[in-house]
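The structure under discussion appears below in the form of structure tokens.
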Amino acid sequence: AGGESRAVNLLQNRNICPPEPVEPPKANLRDDLKKVNTSPDLFRCTLTTLPQNQNLLNKCKLPLGILLHPFKDLSHLPVITSSVIVRCRSCRTYINPFVTFIDSRRWKCNLCYRVNDLPEEFMYNPLTKSYGEPHKRPEVQNATIEFIAPSEYMLRPPQPAVYLFVLDVSHNAVESGYLHSFCRVLLDELERLPGDARTSIGLLTFDKVLHFYNLAEGLSQPQMLIVSDTEDVFLPSPDNLLVNLQESKELIQDLLHQLPEMFADNTETHSALGPALQVAHKLMTPTGGRVCVFQSCLPSLGPGALKPREDPNQRAGNDVQHLGPATDFYKRMALECAGQQIAVDMFFLPGQYTDIATLSGVAKYSGGCTFYFPGFHPARAPAQVTRFERDLRRYLTRKIGFEAVMRIRCTRGERRIRVHTMALPVSSNITEIYTGADQQAVICLLSRMAVDRSIMSSIRDAREAVINACIDCLAQYRSSVSGQQLGALMAPWSLRLFPMYTLALLKHPAFRLGTSTRLDDRVNTMNQLKALPLAYNIMALHPHMYAVHNLNDEGALTIRDQIIPQPPILSLSSERLSRDGAFLLDNGEGMYMFVGRAISPQFCTDVLGVESFAAIPDVMFELPELENADSERVRSFVGWLREQRPFFPPLQIIREDSRQRMVFLQHLVEDRSESMFSYYEFLQHIQKEACK
Ligand SMILES: [Zn+2]
């Protein structure tokens with residue numbers, strides 16, 4: 001049986017957060033099916049036992065939905081090259097581990113129950129190289145699988161990889177210093193861009209005019225071509241703006257070496273992003289591919305120009321305006337791009353309000369992604385620079401799919417299809433539905449619904465809806481399962497963290513009110529909640545905190561001869577902090593180390609490399625590499641946490657008396673804040689409402 005059916009009295013169980021990461025529930029299936037089911041890293045359902053009908057679903061007051069991370073990098077992925085891809089003749093479902101074989105020639109579809117014939121080819125098992133036993137084929141042994149597709153899955157031959165880099169070089173952009181970082185990283189990674197001998201590349205820079213670069217093979221140096229009519233853009237040359245990477249490699253390298261200096265003294269403050277996107281679209285239309293845009297200010301010229309909409313005095317207000325786009329220019333641009341198989345990725349490096357709510361539309365509707373590095377500056381924000389360079393490196397070298405449709409993608413010139421299949425049991429018993437609930441999937445889905453609601457209606461409405469979801473669910477559980485115990489707030493074991501996560505969501509920068517929050521920061525966190533895989537979504541809402549001043553080898557892991565301490569996860573309350581301690585908080589995107597006033601001088605010298613607490617600098621972003629056991633323990637722990645994710649989380653060290661301390665303390669969601677309940681008060685509020 002999957003899951004525990006016991007109930008928890010929340011008001012009496014104050015230490016509800018477990019010391020280890022929360023495990024996703026396993027669907028209550030037969031062992032043989034459980035073994036083959038899709039990994040929860042790829043596919044999660046809010047209810048791992050499905051209600052038999054809509055009435056029962058309505059009754060349990062939990063949202064039903066699926067969260068997926070379909071193209072996650074996998075360590076084990078069976079890839080099948082097959083001339084036949086077996087699919088149900090009625091519903092087009094791919095043959096999978098949950099079908100039934102009537103006999104050795106026929107299978108019954110598990111989605112529409114139609115009986116299908118097996119093609120002769122399926123009798124041969126390419127892995128075991130033997131005939132017969134179709135149930136041993138890899139397609140029916142693996143819930144996640146990738147096919148190399150035959151030609152009927154393509155509308156045209158697979159396209160080569162095409163990259164166009166579009167760079168803001170207006171005064172603010174150049175001042176931020178990002179061009180140096182960008183050019184250095186691209187030069188380093190040029191050889192590692194995914195693609196083949198056909199890979200093409202182009203560069204476009206812009207301020208109030210557009211600069212193209214002729215990179216034709218045989219030129220002695222790149223030629224800059226300027227288009228200054230931003231109202232009616234055109235391509236200054238029919239070819240050589242997108243060139244073959246191998247053939248023009250030296251010219252491209254030349255250009256990347258020159259770019260930072262070329263614009264070093266640029267005083268032009270205007271930024272014509274809209275026209276730059278229009279020409280990018282023209283340039284990429286014949287092939288499709290990826291457009292990577294680097295933008296550091298509000299576009300001010302030509303189509304798509306924007307006005308500052310944020311009122312800085314309203315950052316702590318009781319509701320928030322301008323969460324939606326100011327114009328549909330960027331959305332329309334994105335849809336046109338998507339129609340030509342062009343994805344637009346946005347790298348924002350803003351020094352001030354840049355209207356992310358409007359500009360991120362161009363990535364959102366073209367299948368692109370968004371990166372955000374506020375206040376990017378090598379001297380003032382070195383952590384952003386590190387993060388930018390690491391993220392850009394990964395972005396440039398990770399696998400990508402071109403011309404992808406839903407589950408269809410193509411890599412390295414092959415057409416591929418990745419299929420995930422998940423099986424879940426069905427029940428008519430409400431206790432079983434609650435027992436199978438996946439609290440992390442539930443809160444993740446609710447947070448995405450809350451983003452939509454904030455934009456369509458208001459943050460206030462969204463907050464209220466989330467609180468009501470929690471109250472309604474616990475009230476229903478109380479009346480239909482746990483019995484009406486006086487003064488108790490009961491939750492099923494599976495949902496014991498639901499109220500905690502709900503409170504964390506209300507305090508998250510996306511939805512908090514009454515605390516100063518810059519509009520672009522807020523919109524960026526909303527975009528992230530919509531786009532991040534579930535595990536990072538949960539970390540963003542409810543970070544992991546550890547004491548790191550007394551790490552030891554008890555329970556430590558040993559990986560490649562390195563000992564990695566495993567301190568317990570602490571609940572997010574200042575009661576867990578101590579003046580003589582150091583605490584590491586990991587919210588997925590970044591890490592913060594909070595150092596108490598009475599920290600031992602030994603920790604200061606051995607781990608931080610300074611004489612005393614008072615000597616810890618105001619701005620400190622890395623741990624020095626010192627040769628002693630304590631330093632090695634802390635660094636190996638931080639390094640191990642970083643290895644768990646594909647992007648790089650910077651570390652910031654914060655003294656207890658620093659002005660930066662709120663950056664850390666705002667994550668302690670169990671504490672009372674100026675405008676918001678403590679966890680205990682929140683439980684009391686829920687109890688009052690749920691037991692009415
Ligand atoms: Zn079917």
Side-chain angles (χ1 to χ4, degrees), residues 26-40 42-57 64-71 77-127 131-155 401 404-410 415-428 433 436 441:
K26 285 214 166 55
N28 189 10
L29 293 165
R30 279 191 343 245
D31 281 348
D32 55 328
L33 295 178
K34 212 184 263 182
K35 239 174 30 205
V36 76
N37 218 356
T38 309
S39 155
L42 304 173
F43 234 72
R44 297 262 291 259
C45 186
T46 55
L47 304 176
T48 65
T49 296
L50 295 171
Q52 198 175 41
N53 54 47
Q54 183 72 39
N55 269 347
L56 184 57
L57 173 61
L64 175 59
I66 277 173
L67 295 137
L68 47 154
H69 189 183
F71 298 126
L77 176 67
V79 177
I80 309 294
T81 313
S82 180
S83 57
V84 280
I85 294 182
V86 176
R87 299 172 72 177
C88 170
R89 285 176 64 95
S90 311
C91 71
R92 309 299 294 152
T93 288
Y94 291 85
I95 195 166
N96 64 72
F98 311 108
V99 305
T100 36
F101 289 96
I102 310 259
D103 52 42
S104 66
R105 294 279 158 187
R106 289 178 302 158
W107 62 284
K108 189 178 189 182
C109 175
N110 57 317
L111 290 190
C112 75
Y113 308 116
R114 180 196 162 107
V115 174
N116 293 274
D117 290 336
L118 278 173
E120 187 61 35
E121 291 94 319
F122 204 77
M123 295 299 145
Y124 177 69
N125 187 333
L127 292 189
Y131 283 90
E133 301 188 317
H135 60 280
K136 291 199 177 153
R137 282 271 303 201
E139 292 92 326
V140 278
Q141 294 289 329
N142 297 281
T144 289
I145 195 161
E146 197 161 284
F147 295 99
I148 296 179
S151 57
E152 62 260 32
Y153 285 83
M154 286 178 250
L155 297 169
V405 188
M406 295 295 284
R407 294 187 185 84
I408 304 174
R409 75 188 316 222
C410 128
R415 177 62 69 161
R416 290 181 175 222
I417 305 163
R418 190 178 293 182
V419 180
H420 309 279
T421 314
M422 178 171 59
L424 296 173
V426 174
S427 170
S428 58
I433 307 297

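Just so you know, ligand 1 is whichever comes first in the structure, and atom 1 is the first atom listed for that ligand. FYI, side chains are in, hydrogens and waters are out, and symmetry mates aren't considered; it's all heavy atoms of this structure. Remember, it's a predicted structure, so these values are computed and weren't measured experimentally. Starting from 1, each residue takes its place in the sequence as its number.
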Note to self: Using modelled atom types and a 3.5 Å cut-off, is there a donor and acceptor pairing between side-chain atoms of Thr49 and backbone atoms of Ser427?
What the structure shows: no
Margin query: Tell me if a side-chain donor or acceptor on Asn125 pairs with a main-chain N or O of Lys136 at a distance below 3.5 Å.
Written below: yes
Checklist line | Salt bridge flag under 4.0 Å for residues Asp103 and Arg106 | finding: yes
Checklist line | All ring pair (Phe, Tyr, Trp, His ring centres under 6.0 Å) counterparts of Tyr113, not counting sequence neighbours | finding: none
Notebook entry, point to check: Any luck finding a side-chain donor-acceptor pair between His420 and Thr144 under 3.5 Å?
Noted result: yes
Note to self: For Arg87 and Glu139: C-alpha separation, side-chain torsions, deciding distance, then whether salt bridge (charged side-chain N to carboxylate O under 4.0 Å, His left out) applies.
What the structure shows: CA-CA 11 Å; Arg87 299 172 72 177; Glu139 292 92 326; over 6 Å; no
Next item on the list: Using a cut-off of 2.8 Å, count how many protein N, O or S atoms are strictly closer to the Zn ion (ligand 1).
Entry: 4
